[in-house]
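These notes concern the structure reproduced below.
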Amino acid sequence: MAVYDFKTIEKKWQDRWEKDGRFKAIDFDPRPKYYVLYEFYNISGKLHMGHLKGTVPADALARYKRFKGYNVLFPIGGDSFGLPAENAAIKTGIDPHDFVANGFNLVMGQSKQLGLSFDWDRCFCTSDEEYYKWTQWIFLQLFKHDKAYKKNGTVNFCPKCQTVLSNEDSQGGKCDRCGTDVIQVQRDVWFLKMKEYSEKLLGNVDRINMADYLKEAQRNWIGKSEGIQLKLKLVDDKDNHIDDIEIYTTCIETVYGVTFIVLAPENEKLEKLKDHIKNYDEIVEYQKKTTLKTEFDRISQVKDKSGAKVEGVYAINPITNKKVPVYIADFVLNGYGTGAVMAVPCHDQRDYEFAEKFGIEMIQVIDGDCSKQAVEKYDYLEANSKMLNSAEFSGMPVREAKKKIGEMVVAKGYGKVQTNYKMQDWPFNRQRYWGEPIPVVFCDNCGIVPLDEKDLPLVLPATKDYLPNEKGDSPLSKVESFVNCKCPKCGRDAKRETDTMPNWAGSSWYWLRYCDPHNSEKLADFEKLKYWGSVDCYTGGTEHITRHVLYAFFWQNFLYEIGAVPTRDPFLRKMGSGLILDDEGKKMSKSSKNGVSPMEVIEKYGTDATRLHVHFLAAYEDNCKWTYSGIEGIVNFLDKVWKLQEIVKDGGVTKEHAYHLATLIQKSESDYENLKLNTCISACMIFLKKIKEDGYITKEELKQFLVILNPMAPHITSEIFENVFGTDILDEKYPEYDEKNLVMSEIEIPVQVNGKLKGKVTIQTDSNQDAVLEVVKAQNIIDANLPIKKVIYVPNKILNVIQ
RNA sequence: GCCGAAGUGGCGGAAUGGCAGACGCACAAGACUCAAAAUCUUGCGAGGGCAACUUCAUGCGGGUUCAAGUCCCGCCUUCGGCACCA
């Protein structure tokens, strides 16, 4: 028999699969559907090991589900309106369109070499006109339904890239693109009303099948909290009522301890109170200082509180009628709650530090030692301490008081119950070239006017100048033919919006387009969307869990509400791919210097061996370190599989192998479902060992074994199958097993005496306790001289004798 | 600080409360060979014993149980997320 020549054989099957279109998903097929989605490629260069860790198991799942009789949709495409193309353009002058076309061809070619069973007919890139036409269409719907608005606001801004960033794009206070510290600026910004969807997003999080730590990360990001919004009167030196201010608190039980009020420096109230504030210059000075602070400064100075007193304005605590001073400080954030807080130094560490620095009075209202630091909510609720200095509530357990004071405040009309969320509206424009143009114009006569849907796509014009101008306006502002246009409403001269959408826009709905990727009338046909439904299993990196996945939830909810899609949940299950780490334990990616190229490994060991090795290193959701160590074991295994052809004989499943095969089928099914392919391979190895011991495998056994292994090692199994059976393995069904074959007639069970292992006995399966005890006694495992106090027998598992 | 996940041989890693270390790597011995490679066979947590055997072992300390890597309580460490969110 010829040796296994993986180069020739793997190429042969890859070509055949492509030529025959073996992996096409069929719309409206009567079989049940299964939609496996792997996060599409960010078009930036070659594939790296991280891609394999994610995509190869997804491919195995898709192939497995096809054997199980599903009509599988397993698509791929390119997230191409991204930074790599724009950066390359700026650096080398290459046209982003060319960069994307080349990059896309490269990764698609490499995907084929990996034997990935994508439906190639459904490929697209987010920068394709036929695709971004519909991204723009969605923006128009958002605008028409009052979910997109333009507003001058404080936003994250990268001074180096000269562009606005969302919170999601500036996690950790660093620009996602260049790593520069992000600052806060006032700017005209397009926002999408994502905050309005907080509760619905939490619904998506609850319903999706996903690891706890991912759910928690999302809930954390959305940041729901319940509290009281309290209204306080503002008075001047002479106690004249000049205005009101609302504050938000989750600790209304501390309201008797309020000794000052703090406003965010950006709070609009300050401007309104201008005439009453005696030190307005000082206030303005502090505001300026805050704006220039980078996120890094704000965090690194957590322990060093800064602020300024607002002279001439005081607040009245409605519950105690106490008059307290007002401050501004940058530890209060304008974007959260009302941008103002009541400060209770004894029971909030930040307030404590601020009061200490500014010499403000402290009133303790809950038990505990407040001499050195605040006794905070976490501590006093846990200890269920008692109230102090709180009028009729003094002496009451704090939990009870929290409820009672809240009720009192609401009953007397001082405040209301309020739910807040940390998540903000999504700043949606970027001063960058390589993105979807925002399809609106500015008309002196009509204001902001959306384009007519029939005029989509609004094509991104060609240019050679990819940098913003000195004012920080988008590169598109330099393309006159693009900027100048006619108002769609009144026909007079108007100017286009020159900012583009963020690169998360195109990825916020792409799974829908796969259901109907070439539709020119709609983003996707409703009936097709209904057929394919939600993505059954979405695989990919965990780093997008608080960005892309939340944006995906948001857009899907919106599209559902306007009747464009049939379901609220984009995904039913999300599996987070573990990372492949290098020797130093760092994430292996394109940027990693000692990253190993998957193509190198394939060249040397073959695609099947490489795929199996990646599966075998760790389960899908677990991290692993890349190592060549162990790949010899895989090569060896494949070699033995290949040589099964030499010992195959006619016949069905034999009595000797029935149990082993049934066990393998059962184990492999649950491993495929949970992407625990390391143990799936191990089960295959165990079966193979048994076969080698017996020195033969029947045709039927070989057929079943090859099908089980095929989703992980598709090439070699296809070749052996064709050699032995003359047909294509892809036409087979996943093997089934008879429950009765899962148990052997005789089994060996351990025998414990007083909980310690003392021996083993072979018994008939399902023997009763007495029968087992007989065998045990016969073998002198237990001390015959001692009385038996107790016997614990778990049928077919274990016998424990207490003497 | 808060939230989440995890901690098992020389290594990657297995174990619905029921034989800890499956499977693989590495290592060692043997077979084949003039020799090597490849392949095959066997061994392989630590200590003690010639041996049958025995003691100790799943980050640390307690507990529940006939039985704990697994469940409970209290710590330690590592990784991940959020972080002046009132």
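To find a chain, count down the sequence lines: A is the first, B the second, and so on, and within it residues start at 1.
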Handout entry: N or O in side chain of A/Tyr213 less than 4.0 angstrom from B/C3 OP1/OP2
Key = no

Practice task
May I ask you to verify whether the side chain of A/Lys789 and the base of B/C66 hold a donor-acceptor pair under 3.5 Å?
Solution key: no

Practice task
State which of B/G4, B/C84, B/A86 makes the closest approach to the side chain of A/Asp348.
Solution key: B/A86

Practice task
Examine B/C56: is either OP1 or OP2 under 4.0 Å from a nitrogen or oxygen in the side chain of A/Lys756? Give yes or no.
Solution key: yes

Please tabulate the protein-to-nucleotide N/O contacts below 3.5 Å involving nucleotides 18-28 of chain B, giving atom names and distances.
from, atom 1, to, atom 2, distance (Å)
B/C19, O2, A/Lys760, NZ, 2.5
B/C19, N3, A/Lys760, NZ, 3.3
B/C23, O4', A/Ser682, OG, 3.3
B/C25, O2', A/Ser629, OG, 2.9

Fill in the blank from the handout: Here the pair of heavy atoms bringing A/Thr259 nearest to A/Glu361 is OG1-O, 2.9 Å

Handout entry: Anti or syn - B/G9, cut at 90° from 0
Key = syn

Exercise for the section: May I have the step-by-step check of ring pair (Phe, Tyr, Trp, His ring centres under 6.0 Å) for A/His657 and A/Tyr696, ending in yes or no? Expected result: CA-CA 10 Å; A/His657 295 161; A/Tyr696 74 90; 4.8 Å; yes

Exercise for the section: Compute both the distance and the angle, then confirm whether A/Lys604 meets the cation-pi test with A/Tyr628: under 6.0 Å from the six-membered ring centre, within 45 degrees of the axis. Expected result: yes

Exercise for the section: Taking A/Asp425 for its side chain and A/Phe191 for its backbone only, find out whether a donor-acceptor pair lies under 3.5 Å. Expected result: no

Practice task
Return the stems involving RNA chain B, sorted by first number, where pairs are Watson-Crick (N1-N3 with N6-O4 or O6-N4) or G-U wobble (N1-O2 and O6-N3), both under 3.5 Å, and runs are 3 or more long.
Solution key: B:1-7 with B:76-82, B:10-12 with B:23-25, B:27-31 with B:39-43, B:45-48 with B:53-56, B:59-63 with B:71-75

Exercise for the section: For nucleotides B/G62 and B/G10, find the distance between their C1' atoms and express it as a whole number of Å. Expected result: 32 Å

Practice task
Side chain of A/Leu333 only, please: which of B/C85, B/C82, B/A5 is the nearest?
Solution key: B/C85

Practice task
Count the heavy atoms of every other residue, nucleotide or ligand shown that sit under 6.0 Å from NZ of A/Lys269, and state whether that count exceeds 12.
Solution key: yes

Exercise for the section: Using the C1' atom on both, measure B/A38 against B/C32 and round to a whole Å. Expected result: 11 Å

Exercise for the section: Start with the C-alpha gap between A/Ser225 and A/Tyr336, add the side-chain angles, then the distance that decides, and say whether side-chain hydrogen bond (donor to acceptor under 3.5 Å, both in side chains) holds. Expected result: CA-CA 11 Å; A/Ser225 87; A/Tyr336 184 73; 3.0 Å; yes

Exercise for the section: Would you tell me if any nitrogen or oxygen in the side chain of A/Lys758 comes within less than 4.0 Å of OP1 or OP2 on B/U54? Expected result: yes

Handout entry: Side chain of A/Thr250 - closest among B/A83, B/A86, B/G81
Key = B/A86

